[in-house]
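I have placed the structure first, in the form of structure tokens, so that the comments after it can refer back to it.
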Amino acid sequence: MLIIYFLLILSVFITYFIYKANQNTLQIKLNTISPTPFTTTDANTHYIRVLQLSDLHLEHISITPDKLFQKIKNQKFDIIAITGDFLDRPKSIPKLESYLQVIQKLDTTYGIYAVYGNHDYKLRKKHLIKLETTLNKYKVSILRNENKWIPIGNSNGLQLIGIDDHHSKKHEISKAYEGITDSFYRLVLTHDPNIVFQMDDYDFEYMLSGHFHGGQICWPKPYHLMKFGKLVRLNLIKGLIHYKGKIVYISEGLGQTGINIRVGSRPEITVHELQITSSNAPAFEKAI
């Protein structure tokens, strides 16, 4: 009889734990990040706002398109950046359209850009082409080891550098940096932030990434992600990190993988406020 009571209590506890962990996937947070202090107000300085969305994982997302829109509809963004892992099954592509419709409604000055993540590369080639066609339909430009210069006022402008997914071994850093000079503000979009350890010879001012979901089940540490590279082993899985003067932001993402629960993490939308000037050296350094 004692064993029966114990199992009953245990089952109630597990059920409650899963319920609360599932509810965490609904608790979306909106973070505003300024990676470096604003240091000047001269005529060649411009301040831009970049909306980052990451890791939608449409097979396991609790945030509806309408809830996403309501969270950010009253804000203006200069750039929208989507840092990979839209989905991993072709049947989810139609579901993506409802989110892209919402994103396209947002007030954006310079456009919407994206990179692929490791889950996107689970698609067969024909389905990956369909994904890209769908993204292009909603004016989302995919950057696969390439860059795009964006003129911003009378500053030197911003160089948007898309490095393909490191986890899937699709990255070609040298190709992504073709034509880049240090006179631009260099904003890197990539999915797996572990690429930073291969970039000692490639400078940038700021990198946006995702991949780790803030651990997703982070209790007390994300031990289940240890195979995901050096950053996880250093317990650097979310937020701002600094490595050899390079500044990287790791988003906790919007969706989940495996099961629709989060422990010690929340779905995240991030707004990054950047200072674009004629001189773009990082204002400070803090090495790992």
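Small disclaimer: the values here were computed from a predicted structure and weren't measured. Computed from heavy atoms alone, side chains included, the values below leave out hydrogens, waters and symmetry copies.
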Decide whether Asp164 and Tyr121 meet the rule of one side-chain donor and one side-chain acceptor closer than 3.5 Å.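 There is such a pair (donor and acceptor under 3.5 Å, judged by atom type) between the side chains of Asp164 and Tyr121.
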Between Thr83 and Gln52, do the side chains contain an N or O donor and an N or O acceptor separated by less than 3.5 Å?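 Short answer, yes.
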Does this structure show an ion pair linking [X] with [Y], if we count only N-O contacts that are shorter than 4.0 Å?
| X | Y | result |
| --- | --- | --- |
| Lys238 | Glu268 | no |
| Lys137 | Glu97 | yes |
| Asp203 | Lys246 | yes |

Side chain to side chain donor-acceptor pair (under 3.5 Å), that's the test. Do Ser265 and Gln216 meet it? Break it down for me. CA-CA 6 Å; Ser265 67; Gln216 186 171 320; over 6 Å; no
Before we go on, tell me: are the rings of Tyr185 and Tyr206 under 6.0 Å apart, centre to centre?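 No, too far apart.
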Exercise: identify the closest heavy-atom pair between [X] and [Y]:
| X | Y | result |
| --- | --- | --- |
| Gln256 | Ser62 | NE2-OG, 4.1 Å |
| Val140 | Ala114 | CG1-CB, 3.7 Å |
| Ile112 | Gln104 | CD1-CA, 4.3 Å |
| Lys175 | Asn145 | CG-O, 3.5 Å |
| Asn118 | Asp85 | N-OD1, 3.1 Å |

Less than 4.5 Å apart, any side-chain heavy atom of Leu160 and any of Phe184?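 Leu160 does not reach Phe184 side chain to side chain.
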Side chains of Met207 and Tyr249 in contact at under 4.5 Å (non-hydrogen atoms):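 Side chain of Met207 against side chain of Tyr249, heavy atoms only: no contact under 4.5 Å found.
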Might you work through the side-chain contact (heavy atoms from CB on, under 4.5 Å) test for Ile28 and Ile269, ending with a clear yes or no? CA-CA 7 Å; Ile28 188 170; Ile269 299 168; 3.3 Å; yes
Do any side-chain atoms of residues 75-82 form donor-acceptor pairs under 3.5 angstrom with protein atoms, and if so which ones, sequence neighbours left out?
| unit_1 | atom_1 | unit_2 | atom_2 | d |
| --- | --- | --- | --- | --- |
| Gln75 | OE1 | Arg49 | NH1 | 3.3 |
| Gln75 | OE1 | Arg49 | NH2 | 2.9 |
| Lys76 | NZ | Thr109 | OG1 | 2.6 |
| Asp78 | OD1 | Thr109 | OG1 | 3.2 |
| Asp78 | OD2 | Arg49 | N | 2.7 |

For atom NZ of Lys130, decide whether the heavy atoms of other residues, nucleotides or ligands shown that lie under 6.0 angstrom number more than 12.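 Open: at most 12 neighbouring heavy atoms sit under 6.0 Å from NZ of Lys130.
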Crowding at NZ, Lys29 (>12 non-hydrogen neighbours, <6.0 Å):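 Counting neighbours around NZ of Lys29, more than 12 heavy atoms of other residues, nucleotides or ligands fall under 6.0 Å, so yes.
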Is the terminal nitrogen or CZ of Lys170 (NZ for Lys, CZ for Arg) located under 6.0 angstrom from the six-membered ring centre of Tyr116 and within 45° of that ring's axis?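 Here Lys170 fails the 6.0 Å and 45° test against Tyr116.
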Within 45 degrees of the ring normal and closer than 6.0 Å to the centroid, is that where the cationic atom of Lys148 sits relative to Tyr113?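 Lys148 over Tyr113 ring: no.
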By the ring pair (Phe, Tyr, Trp, His ring centres under 6.0 Å) test, which pairs, at least two apart or in different chains, include something from residues 155-183?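 Matches after skipping sequence neighbours: His166-His171, His167-His211, His167-Phe228, Tyr177-Tyr202.
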